[in-house]
Amino acid sequence: MAKSGFEALIEALKQSGADMGGFGGARAAGAGGADGSSDGVAGGAGASRPGAGKGGGDKQTPNFDLDFLNNMKMPKSKGAWVAFIVAALLVLAALYWWFHPPINIHSADTWGFVFIIVVLPLFLVFWSKHRTYKQGTSKVSKNAGKAKTYKGLLLIPAAIAAVGVVGGLLSLAIIPGNAEKYSNVLKTDTLEFAQDIKEVDYNEIPVIDRDSAILLGNREMGSIPEYVSQFEVSTLYSQINYQGKPVRVSPLNYADLFKWFTNREAGIPAYALVDMTTQDAEIVRLGEEPIHYSASEPLVRNIDRHVQLKYPFYMFDEKSFEIDEDGHPWWICPVQDYTIGLFGGRTISRVVLCDATTGETQDLAVEECPQWVDRVFPADLLIQQYNWWGTYNNGWLNSFLGQEGVVRTTPGTDGTLGYNYIAKDDDVWVYTGVTSATADNSIIGFVLVNQRTQESHFYSVSGATEDSAMESAEGQVQNLRYTATFPLLINVANQPTYFMALKDGAGLVKKFAMVDIQRYQNVAVGDTVADTQKSYEALLATNGVATDAAGSADTQRATGTIRSIAQAVIDGNSHFYVTLDGSGSIYDFALPGLLEIVRYRVGDSITFTYLEGPGTCPVYSIGEGDGAEEASGEPATAEVSA
């Protein structure tokens, strides 16, 4: 069983040679009464003498002997005291330099550092002195005045601990007014999907996820012998927009401590870049400006230590590695701010940009951050902030009683946060679905949050959750046992659509899938993004969804005489299946989008545009050319041309 921090401290003191007496057998319960009173502590501490402790008589009580603190030799002369204080300050400074906690009352790291280094030692010393002068020992006479003084000094560590406890309690949502504060940390606007989300450019859509990017980056690294023996690619792989393309970038790390020692002067010579649209990976060499500040640096140039010591009062959130439009490496260091109590309402108020080459920094407000920076707000923080709104927008009590209007983001397939990234307006936006508090298998909409500005948009769309769509896509290739990546949200013919890659057991992308969010049984799978798009648009057309494919290069035009017409209802939608004289194809006219087909009869001439399909050919428009001139019911006779 893991030792508590209190037991670990006692064990360390034992190993240092301190005389612990029977102290090592004490449990935390023996250190005080059940109510935390000092009488309970006194009873435990005196249990090593017959009859001491509550119960007395033959009842055995735990040993809690603090006499070792009294036996510690303290300085007697002024010079010795000065030397002692200087040594203590040097040790404290060394500990601070190594652990570098932020000097901030809102930081949990600061509170842990203060408690272990200051509060606990003060409490032990003051309590030991109080007990010694109260009870007396063979070397120290009883002194009620000094005992009272040291008992009063116990208020110092107790007050420090009380501030932390009270501050933590004031951070809880149950405190009146806090639920409203939590719900306002992230403000979200409701927009129309088709108006705000432009139709996707398939030359810019990321087709691989982070795991595939890591695989490609490591494979490229293995092809450079002089690097692979000294460095390894970091697992950061931040997704950014670089020169208008979605990419993932990650610095190299020193392979181990010895490799750092031999390469520290020259620095880290390159970083990995993976194009998420073409799946091309590259190790970008930095030439005369290598990376000197990184997470793999153990000492002064460690990026965490460097920025924390330069800004000692800042609390830094998760740092990310990015490159500017010129390919120069930077560290993006978000600065945390707590707005509710001591530890509640976490957000980002500022950002420090650190040049990975020189270590020079820029301290900026969030709104001053340059456009090329993509990640100021960590994705998990934005998801948490939206969930605060979803949970507390109607009050704390409603969050678990009634739960009217309570929503939350959809979970990932492994129970963790489920989200992905979308490139929009030259920024990176976090995408996640939104479902009800009962966590059913459908979404009520989805939310996009800008990682640079915290701008948040909600789109009301009912449909399948991401994991349901992934299962649907995997079902199309179940014989191949491919697994789907977490979906991206894209706009196809003004329809919200899930796009995902299908990977084999080795993690390589083999196929792609598009799933209709509102009708997730409609799945199109292809070997390329273009093939998948073509199949998906054909699928939409057969379900009566009007698309813009009529004017695309993939569509074809047919003119001829109707040989036969048959009607069928599929998934609640009416379809007219038409054949033409001289053609072996079957053309699918889906209603209500192509209602004009009901005016035609066998023997009529017709002109329309369609997309070639493996079974039926979905029709996009009726009329001449692009459909601007609609057929009248008695169109001119013409021969089939495809």
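The shown structure was predicted, so the numbers you read here are calculated from the model rather than taken from an experiment.
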For residues [X] and [Y], report the shortest heavy-atom separation together with the two atoms involved.
X	Y	answer
Pro329	Leu286	CD-CD2, 4.0 Å
Ala270	Leu252	O-CG, 3.2 Å
Pro334	Ile348	CB-CD1, 3.8 Å
Asn393	Gly390	ND2-O, 3.2 Å
Val233	Ala272	CG1-CB, 3.9 Å
Arg285	Tyr227	NH1-OH, 3.1 Å

Please report the C-alpha distance between Phe343 and Tyr338 in whole Å, then the side-chain angles of each, then the deciding distance to 0.1 Å, and finally whether the ring-ring contact (aromatic ring centres under 6.0 Å, His included) criterion is met. CA-CA 6 Å; Phe343 310 114; Tyr338 288 86; 7.0 Å; no

Quick one: does [X]'s side chain have a donor or acceptor within less than 3.5 Å of a partner on [Y]'s backbone?
X	Y	result
Ser171	Gly167	yes
Glu455	Thr188	no
His106	Leu342	yes
Glu368	Leu364	no
Asn178	Ile174	no
Arg248	Tyr237	yes
Asp209	Ser212	yes
Trp111	Gly164	no
Thr339	Gly345	yes
Gln239	Val428	no

Side chains of [X] and [Y]: does their closest heavy-atom pair fall under 4.5 Å?
X	Y	value
Leu489	Tyr431	yes
Ile268	Pro251	no
Leu169	Ile175	no
Tyr293	Arg305	no
Asn420	Pro487	no
Cys354	His306	yes
Val249	Phe321	yes
Asp317	Val335	no

Ring-face cation of Arg131 near Tyr133 (centre distance under 6.0 Å, axis angle within 45°): no

What's the separation between atom [atom1] in [X] and atom [atom2] in [Y], rounded to the nearest 0.5 Å?
X	Y	atom1	atom2	result
Arg301	Trp260	CZ	CH2	8.5 Å
Thr432	Leu382	OG1	CG	11.0 Å
Leu95	Phe113	CG	CZ	5.5 Å
Gln451	Ile332	CD	CD1	11.5 Å
Glu289	Thr357	CD	OG1	5.5 Å
Ser296	Asn302	OG	CG	8.5 Å

Which is it for Asp363 and Tyr314 under the side chain to side chain donor-acceptor pair (under 3.5 Å) test, yes or no, and what are the steps along the way? CA-CA 11 Å; Asp363 181 14; Tyr314 282 179; 2.7 Å; yes

Other residues, nucleotides, ligands: >12 heavy atoms within 6.0 Å of [X] [atom1]:
X	atom1	answer
Gln371	CD	yes
Phe258	CZ	no
Lys310	NZ	yes

Do [X] and [Y] have a side chain donor and acceptor closer than 3.5 Å?
X	Y	value
Asp109	His100	no
Thr409	Asn387	yes
Asn398	Tyr392	no
Ser238	Glu322	no
Trp330	Asp324	yes
Thr465	Asp467	yes

Step through it carefully: locate the ring centre of Trp429, locate the ring centre of His457, and say whether they are under 6.0 Å apart. yes

Apply the test side-chain contact (heavy atoms from CB on, under 4.5 Å) to residues Phe231 and Met221: give CA-CA distance (whole Å), side-chain angles for both, the deciding distance (0.1 Å), then the verdict. CA-CA 9 Å; Phe231 305 95; Met221 181 67 178; 3.8 Å; yes

Taken in chain and number order and not counting sequence neighbours, the residues that satisfy salt bridge (Lys or Arg N to Asp or Glu O under 4.0 Å) with Lys259 are Asp256

Once the angle between the rings of [X] and [Y] is folded into 0 to 90°, is it parallel (under 30°), tilted (30 to 60°) or perpendicular (over 60°)?
X	Y	answer
Tyr150	Phe126	tilted
Trp127	His130	tilted
Phe316	Tyr311	perpendicular

Any ion pair linking Arg375 and Glu318 (charged N to carboxylate O, less than 4.0 Å)? yes

Can we say Asp374 and Arg452 salt-bridge, meaning some charged N sits less than 4.0 Å from an Asp/Glu carboxylate O? no

Check the pair Glu466, Phe486 against side-chain contact (heavy atoms from CB on, under 4.5 Å), reporting the backbone distance first and the verdict last. CA-CA 7 Å; Glu466 295 92 341; Phe486 195 85; 3.6 Å; yes

Please assess Leu153 against Ile156 for the test side-chain contact (heavy atoms from CB on, under 4.5 Å), listing each intermediate value before the final yes or no. CA-CA 6 Å; Leu153 290 174; Ile156 296 176; 3.9 Å; yes

When you look at Thr347 and Gln454, which way does the side-chain contact (heavy atoms from CB on, under 4.5 Å) test go after all the steps? CA-CA 10 Å; Thr347 189; Gln454 203 188 17; 3.7 Å; yes

